J.: 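Please find one structure pasted underneath; my questions will follow.
Predicted, not measured: the structure shown is a model, and the values here were computed from it. Letters go in sequence order (proteins before strands), and every chain restarts at 1.
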Protein chains: 2
Amino acid sequence: MRELKYAILGLVNRSPRTGYDITKAFTESIGNFWEAKHSQIYPELHRLASGGLIEYEIEIQGEKLEKKVYSITDKGRNELLNWLLTDEPLPPVPKDSFRLRLYFSENLSTLAVSELINGQLAKRRRRLEHLKEELHAMEDSGEPPVLFTPEFYEYLLIMGGIFREQAYINWINEVKRLTKCEETKS
Amino acid sequence: MRELKYAILGLVNRSPRTGYDITKAFTESIGNFWEAKHSQIYPELHRLASGGLIEYEIEIQGEKLEKKVYSITDKGRNELLNWLLTDEPLPPVPKDSFRLRLYFSENLSTLAVSELINGQLAKRRRRLEHLKEELHAMEDSGEPPVLFTPEFYEYLLIMGGIFREQAYINWINEVKRLTKCEETKS
DNA sequence: TTCTGCATGTAACCAGTTACATGATTGC
DNA sequence: GCAATCATGTAACTGGTTACATGCAGAA
């Protein structure tokens with residue numbers, strides 16, 4: 001628990017950045033397995049700063065726009081490393097509302113079920129395509145990522161998203177196959 | 001949103017049951033994609049009952065133990081069907097703290113990274129084995145589930161869990177392969 | 001000058017967890 | 001008699017979302 005804390009520590013550990021930068025990061029690569037809105041991030045930054053895990057300098061953009069550029073402290077880096085080394089039990093399975101609907105589909109007509117399934121399939125395919133584009137963008141931009149660098153781990157995590165979404169799609173296809181075996185059996 | 005509501009409606013729609021029964025269901029098959037504790041379920045049952053979506057009769061167990069057996073009303077069944085037919089955008093990606101740790105593993109030694117990875121792999125394998133046992137238990141107990149029955153959908157959902165966990169394991173194995181390519185390249 | 005993006009915050013609410021609290025039943 | 005399990009609830013808290021609220025900077 002308290003994992004947003006470590007997500008933020010990990011980001012400001014890579015380089016000093018503003019709350020806005022951090023918010024953006026959660027919509028980019030890291031957003032493939034952790035999301036957070038600015039309304040959660042700003043209060044957390046205040047907590048981390050008052051706990052001495054990060055600190056900030058005010059930078060002026062243009063004439064008078066103030067931005068707070070946060071960087072990690074030794075104490076913060078310590079807590080981050082500590083958390084990275086802790087071994088925790090598997091978290092509960094992710095809640096999944098498509099699965100919940102399918103589970104109760106005994107109440108639907110076969111047509112409605114197939115619409116439910118095909119709708120989900122289309123959305124999952126779109127998500128998969130986005131991830132593949134991200135991966136290809138990384139592969140096209142110069143050398144393959146050097147082992148154990150941030151870019152390397154980013155690459156692995158995008159790959160992880162692709163595996164996850166591909167498996168979801170494979171499962172849905174299997175579901176389609178099984179729900180249609182009366183049609184195809186004849 | 002408000003999805004616990006529909007999970008409960010779906011269950012009491014299958015057959016009348018107590019809060020305790022519902023709680024148990026969330027630790028069994030449905031627990032592979034939705035979890036809830038009794039402390040969340042009882043208040044929700046009160047809300048659903050006062051909204052007229054379910055109703056209960058008090059049954060006496062033994063001498064004086066009262067249990068409330070809830071059943072669905074027409075209004076409740078209607079809302080359930082309605083929800084089953086609604087099409088919603090994909091929910092945000094599930095939060096995943098192993099992925100978060102791996103993402104920031106640039107701060108770990110290669111040994112620590114491999115411990116992190118192997119620890120996760122072992123836990124995922126155990127979860128996968130449980131799911132496979134559930135599936136085999138279903139397959140062994142008599143006929144294959146009849147299409148479009150609750151048992152059929154339960155079967156599909158356990159299969160879905162297996163696909164999900166298997167993909168996670170496949171990804172971790174790929175990560176292992178990539179993080180060891182210096183060793184194996186020579 | 002107008003629109004998009006940069007930048008920071010708070011308040012109210014909702015979902016979910018942990019802990020507290022109690023008591024009956026059944027099988028050994 | 002004791003332990004496991006059946007049975008139902010509440011309170012305090014944490015994490016996260018939605019909505020409210022404001023204002024500057026840079027580019028067209």
J.: Looking at every heavy atom in both A:Thr149 and B:Glu106, which two are closest together, and how far apart are they?
T.: C-CB, 4.4 Å
J.: Of the nucleotides D:dC6, D:dC24, C:dG16, which has the atom closest to the A:Leu65 side chain?
T.: D:dC24
J.: Rounded to the Å, how far apart are A:Glu44 CD and C:dG9 C1'?
T.: 15 Å
J.: Using a distance-only criterion (donor-acceptor N/O pair, under 3.5 Å, no hydrogens), is the base of D:dT18 paired with the side chain of A:Ser39?
T.: yes
J.: Show the numbers, then the answer: is there a side-chain hydrogen bond (donor to acceptor under 3.5 Å, both in side chains) between A:Ser71 and A:Arg17?
T.: CA-CA 7 Å; A:Ser71 30; A:Arg17 57 190 81 190; over 6 Å; no
J.: Could you check how far CD1 of A:Ile60 sits from C1' of C:dC6, rounded to whole Å?
T.: 14 Å
J.: Measure from CZ on A:Phe26 to C1' on D:dG15 and round the result to the nearest Å.
T.: 13 Å
J.: If you assign B:Lys67 and A:Lys37 each to the DNA chain D nucleotide with the nearest heavy atom, which residue ends up on the more 5' nucleotide?
T.: B:Lys67
J.: Phosphate oxygens OP1/OP2 of C:dA15: is one of them under 4.0 Å from a side-chain N or O of B:Arg2?
T.: yes
J.: Take the protein atom CD of A:Glu59 and the nucleotide atom P of C:dA7, then report the distance between them rounded to whole Å.
T.: 9 Å
J.: Report yes or no: is there a donor-acceptor pair, N or O only, under 3.5 Å between the side chain of A:His46 and the base of C:dG9?
T.: no
J.: Check this one for me: any side-chain N or O of B:Gln40 less than 4.0 Å away from OP1 or OP2 of C:dG16?
T.: yes
J.: Just checking B:Glu63: base, sugar-phosphate only, or nothing, at a heavy-atom cut-off of under 4.0 Å?
T.: sugar-phosphate
J.: A:Gln61 side chain N/O closer than 4.0 Å to the phosphate oxygens (OP1, OP2) of D:dC24?
T.: no
J.: Please tell me whether A:Tyr56 and A:Tyr70 form a close aromatic pair, meaning their ring centres lie under 6.0 Å apart.
T.: yes
J.: Can you measure A:Leu45 atom CG to C:dT10 atom P for me and round it to whole angstrom units?
T.: 11 Å
J.: Is A:Val93 linked to A:Tyr103 within one hydrophobic cluster, defined over Ile, Leu, Val, Met, Phe, Trp and Tyr using a side-chain heavy-atom separation of less than 4.5 Å?
T.: no
J.: Given atom CZ of B:Arg47 and atom C1' of C:dA15, what is their separation to the nearest angstrom?
T.: 9 Å
J.: Tell me the interatomic distance from A:Ile8, atom CD1, to C:dT8, atom P, rounded to whole angstroms.
T.: 12 Å
J.: What is the nucleic acid contact for A:Glu3, judged by heavy atoms within less than 4.0 Å: base, sugar-phosphate only, or nothing?
T.: nothing
J.: Write down the distance between OH (B:Tyr42) and C1' (C:dG23), rounded to a whole number of angstrom.
T.: 13 Å
J.: Would one find a side-chain N or O of B:Lys68 under 4.0 angstrom from OP1 or OP2 of D:dG9?
T.: yes
J.: Give the ring-plane orientation class for A:Tyr6 versus A:Trp83, where under 30° counts as parallel, over 60° as perpendicular and anything between as tilted.
T.: parallel
J.: With nearest nucleotide decided by heavy atoms, which residue, B:Glu66 or B:Lys95, maps closer to the 5′ end of DNA chain D?
T.: B:Glu66
J.: Which nucleotide, C:dG9, D:dA25, D:dT8, lies nearest any side-chain atom of A:Lys64?
T.: D:dA25
